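The structure appears below as structure tokens.
Note that the structure is predicted; figures quoted are calculated from it, not measured. What you see below is based on every heavy atom in this structure, not just the backbone, and it leaves out hydrogens, waters and symmetry mates. We name chains A, B, ... by the order of the sequence lines, and we start the count at 1 in each one.
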Amino acid sequence: MNTERLPTEFEKKVYDALHLIPRGKVTTYGLLGSYISCRSAQAIGQALRRNPFAPGTPCHRVVKGDLTIGGFAGERDGEPIDRKRRLLETEGVTISAEGHIDPSCLHDFDE
DNA sequence: CACCTGACATAAT
DNA sequence: AATTATGCCAGGT
């Protein structure tokens with residue numbers, strides 16, 4: 001067994017950043033990347049996609065730079081996305097019918 | 001709006 | 001160990 005790999009420092013940063021996000025708020029991959037000094041949002045998305053701590057890690061609180069839902073559970077559309085949407089709304093995040101998240105729900109790491 | 005490029009990390013070969 | 005392929009993207013043309 002032991003087919004699972006250990007979480008890397010990079011992933012730890014990503015998960016830790018997620019824990020900094022208060023309930024009812026969301027952040028973007030760009031902001032997260034800026035916080036962990038990573039200019040690649042894709043690497044972050046990959047770390048979230050693995051989500052070794054799921055569902056303990058609120059990966060659904062991360063959205064795209066366009067304030068769109070983005071993807072979830074490795075899916076860019078489908079039911080997972082609908083669940084993510086509902087989850088954010090349940091936590092207090094306002095989302096438009098087009099999938100656009102209210103900018104007031106964005107969380108800043110510098111504060 | 002569609003497409004390509006750039007930047008970063010992991011898994012697979 | 002090195003290279004290739006891929007991945008909840010971002011930004012620019």
| request: Can you tell me the distance, in whole Å, between the CD atom of Gln42(A) and the C1' atom of dT5(B)? | output: 12 Å
| remark: Note: for Ala43(A) and Arg39(A) on DNA chain C, the residue whose nearest nucleotide lies more 5' is Ala43(A)
| Nucleotides bounding contact with chain A, strand DNA chain C, heavy-atom threshold 4.0 Å | dT6(C) to dA10(C)
| request: Report yes if the side chains of Arg61(A) and Arg23(A) come closer than 4.5 Å at any heavy-atom pair, otherwise no. | output: yes
| task | Measure the distance from NZ on Lys12(A) to C1' on dT10(B) and round it to the nearest whole Å. | result | 16 Å
| query | If you look at every strand shown and take non-hydrogen atoms under 4.0 Å, does Gly65(A) touch a base, only sugar-phosphate, or nothing? | reply | sugar-phosphate
| field | SB check Lys12(A) Glu9(A) (cutoff 4.0 Å) | value | yes
| query | Is the closest side-chain heavy-atom distance between Val14(A) and Thr57(A) below 4.5 Å? | reply | no
| message | Using modelled atom types and a 3.5 Å cut-off, is there a donor and acceptor pairing between side-chain atoms of Thr90(A) and backbone atoms of Arg86(A)? | response | yes
| Any residue of residues 86-107 of chain A with a heavy atom less than 4.0 Å from an atom of DNA chain B | none
| message | Students often get this wrong, so: under 4.0 angstrom with heavy atoms, is Phe10(A) touching a base, only sugar-phosphate, or nothing? | response | sugar-phosphate
| said: Contact between Thr94(A) and Ile101(A) at the side-chain level, heavy atoms closer than 4.5 Å - yes or no? | reply: no
| Taking all atoms of both residues into account, what is the closest heavy-atom pair of Glu75(A) and Pro80(A), and its distance? | CG-CG, 3.6 Å
| Rounded interatomic separation in angstrom, taking CG from Leu32(A) and P from dA9(B) | 14 Å
| message | When you compare the side chain of Tyr35(A) with that of Thr27(A), does any pair of heavy atoms fall below 4.5 Å? | response | no
| said: Working to the nearest 0.5 angstrom, can you tell me the gap between Thr8(A) OG1 and Glu11(A) CD? | reply: 4.0 Å
| Ile36(A) side chain near Ile44(A) side chain, heavy-atom distance below 4.5 Å | yes
| Asp66(A) and Thr68(A): side chain donor to acceptor below 3.5 Å | no
| Strand-adjacent residues in residues 20-30 of chain A, judged by heavy atoms under 4.0 Å from DNA chain C | Tyr29(A)
| message | Is there a side-chain contact between Leu18(A) and Leu48(A) in this structure, where contact means two heavy atoms from C-beta onward sitting under 4.5 Å apart? | response | yes
